[in-house]
Amino acid sequence: MGLTSKLGDLGVVTVRLEDAVNWARTRAMWPMLFGLACCAIEMMSTQASVYDLSRFGMELMRPSPRQSDLMIVAGRVTRKMAPVLRQLYDQMPEPKWVISMGDCASCGGIFNNYAIVQGVDEIVPVDVYVAGCPPRPEQLIHGIITLHERIKQERITDWA
Amino acid sequence: MTGLQDSVWEGDIQQLKGLVSERALSGETMVLNMGPQHPSTHGVLRLMLELDGEEIVSCVPDIGYLHTGIEKSMESKRYEQAITMTDRMDYLNPMGNNLVYCLAIEKLCELDVPLRAQYLRVLLAELTRINSHLVWLGTHALDIGAMSVFLYCFREREKILDIFEMVSGQRMMSTYFRPGGLWRDVPEEFEPAVRDFIDYFPARIDDYERLLTNNPLWLDRTQGIGFLSAEDAIRLGCTGPVLRGSGVNWDIRKAIPYSSYDHFEFDVPLGTHGDIYDRYLIRIEEMRQSLRIVRQALDNLPKGPVRSNNRKYVPPPRSELGTSMEAVIHHFKLWTEGFRPPKGEVYVRVESPRGELGCYLVSDGSPRPWRVHFRTPSFIHLSALPHIAKGHLIADLVGIIGTIDIVLGDADR
């Protein structure tokens, strides 16, 4: 590299299209800035200095669903919030992924009552579930890496 | 999901009669929705704003997007089990919520708490206050546009969370306090870890102040904005830094000391102008005062047990189970059906980072609470929001939401 690349002699890299696309999708996956409850604070910790989500190209949280690729459902989803959440999901452009962060979002957690949706998968399709109440930032990062690994396995035939 | 379409509002403006002014009904002013998904509403707050140009004419909060039914769920749990619910109510102040609930049970049962447990409770509650103020400072500055403060605040917050994890095994939802004391004594590493933090943190507060206190942009966005007079603050039921920002000297730790707060020396910072900037200065100073309390509690930490010896309410230690039949019976009774407090009702209040946090507990003599109600500061402050926001520019609204420091889990429960 170095001098040769400056001269414009970059050589040729051959790669399968799906690998290149999947690689690109995992390297800059913008999450939606969308917190619900306690887990959102841990999601902020994951973003902040110690855990530094920008290592995965995810430091840019988009407040608008139109610009985001990943929805991290961080916290308990109430029956009042459920339609809003679904609307946000519908507004996200394809391809889009959902991480259900924490026990409440995954299965209702300790709140088995009238107010809480017993798992966000009743409303939106979930790709990765992260357990914990709330999950540690490491657990969320593990969930994100699991999602990345999954995306890298996607075949061109799945995209249609 | 049923009712998905029903929730999309398709009615006409006349339905908002009474909530917005007459000018909005004729189309003279604009009605704008803000939230529940908005980067600076600190969770899932929804506001209906009526705007005249950029000026806020009225503001109607719509809460309940995080209503979790915590109070109702607590009625179906035994007294000890229900502590886990309180953590998740105001999730920036888990130890404080544990504290008020345990104090209510202790008042109901007339249960004694060893001094060591009281000191540790104070110490941890004050660390929680710092923890909560750090999240507040980071997000408040982020809302107003100072990004770097957030990164600094969360760096220090991790150190507090490490201490919480050390004592309880959990970073945020510690559930460490129990009726009659604490779950267990703190580990050996606790004292050096807290001392490290005490030595390390004051310079960090100075760092935040260097970033913000004299920053002209920060002053422009905060001074004279979000004004609340002392009379209005009292009339609207404000407590905590919001009330003290208007110059009213009311801190429950001083006024009605609980859990041995009267053993500690600390100052209650007061504001003079009642604006966002004053409340910012107060919370910064409160972090310093909290650190003072933590240092005193650690220096004077008495030796001894951390749980009461009253076996009717507090399970016996494991070591007794092999030698005492009575201990086995108590253990069995407490873990199969729980304890039965006498009939009655109590109200206990503590100073949470946000203000007066009260717990109203009604017992019918069964092992489960008949009714638990929390008087949460966020809910009360949210009802003061329309008053504070009126007449301000819409750009200042994010600062005003930040300055009253609401946690929606606390408001909705």
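So you know, we letter chains A, B, ... as the sequences are listed, proteins then strands, and number each from 1.
Top candidate by heavy-atom pairs under 4.5 Å with chain A, chosen from V44(B), L151(B), T68(B), is T68(B). Per-residue heavy-atom pair counts under 4.5 Å with chain A were compared for M85(B), H67(B), M173(B), and the maximum is reached by H67(B). Options R157(B), K77(B), H38(B) differ in how many heavy-atom pairs under 4.5 Å they form with chain A, and the most are formed by R157(B). Of the listed residues (V50(A), I116(A), I41(A)), the one with the most heavy-atom contacts under 4.5 Å to chain B is I41(A).
Salt bridge E138(A)/R136(A): present, at least one basic N to carboxylate O contact under 4.0 Å. Between D206(B) and R210(B) there is no salt bridge, since none of the side-chain N atoms of the basic residue sits less than 4.0 Å from a carboxylate O of the acidic one. With respect to K80(A) and D62(B), a salt bridge is recorded, a charged nitrogen being found less than 4.0 Å from a carboxylate O. Salt bridge status for R88(B) with D410(B): absent, with no side-chain N to carboxylate O gap under 4.0 Å. A salt bridge links D207(B) with R204(B): the distance from a Lys NZ or Arg NE/NH1/NH2 to an Asp or Glu carboxylate oxygen falls below 4.0 Å.
Under a cutoff of 6.0 Å and an axis angle of 45°, R155(B) and Y152(B) do not form a cation-pi pair. Seen from the ring of Y114(A), K72(B) does not count as a face-on cation partner, given the 6.0 Å and 45° thresholds.
Counting only distance, with no hydrogens or angles, the side chain of Q139(A) and the backbone of A131(A) share a donor-acceptor pair below 3.5 Å. For S174(B) (side chain) and Q170(B) (main-chain N/O), no donor-acceptor pair under 3.5 Å exists by modelled atom type.
No more than 12 heavy atoms of other residues, nucleotides or ligands lie within 6.0 Å of NZ in K159(B), so this atom counts as exposed by the packing criterion. In F379(B), the CZ atom is not crowded: 12 or fewer heavy atoms of neighbouring residues, nucleotides or ligands sit closer than 6.0 Å.
Residue contact with chain A, scored on non-hydrogen atoms closer than 4.5 Å, involves the side chain of R171(B) exclusively. Of the two parts of I110(A), the backbone and the side chain both hold a non-hydrogen atom closer than 4.5 Å to a non-hydrogen atom of chain B. Contact annotation for S76(B): neither backbone nor side-chain heavy atoms come within less than 4.5 Å of a heavy atom of chain A. Neither the backbone nor the side chain of C104(A) comes within contact range of chain B, judged by heavy atoms closer than 4.5 Å. For M74(B), no part lies near chain A; criterion is any non-hydrogen pair under 4.5 Å. With a threshold of 4.5 angstrom between heavy atoms, L408(B) does not approach chain A through any atom at all. I63(B) touches chain A through its backbone: at least one of N, CA, C or O sits under 4.5 Å from a heavy atom, while the side chain does not.
Contacts of residues 24-37 of chain A with chain B at a heavy-atom distance below 4.5 Å involve M32(A), L33(A), F34(A), G35(A), L36(A), A37(A), listed in sequence order.
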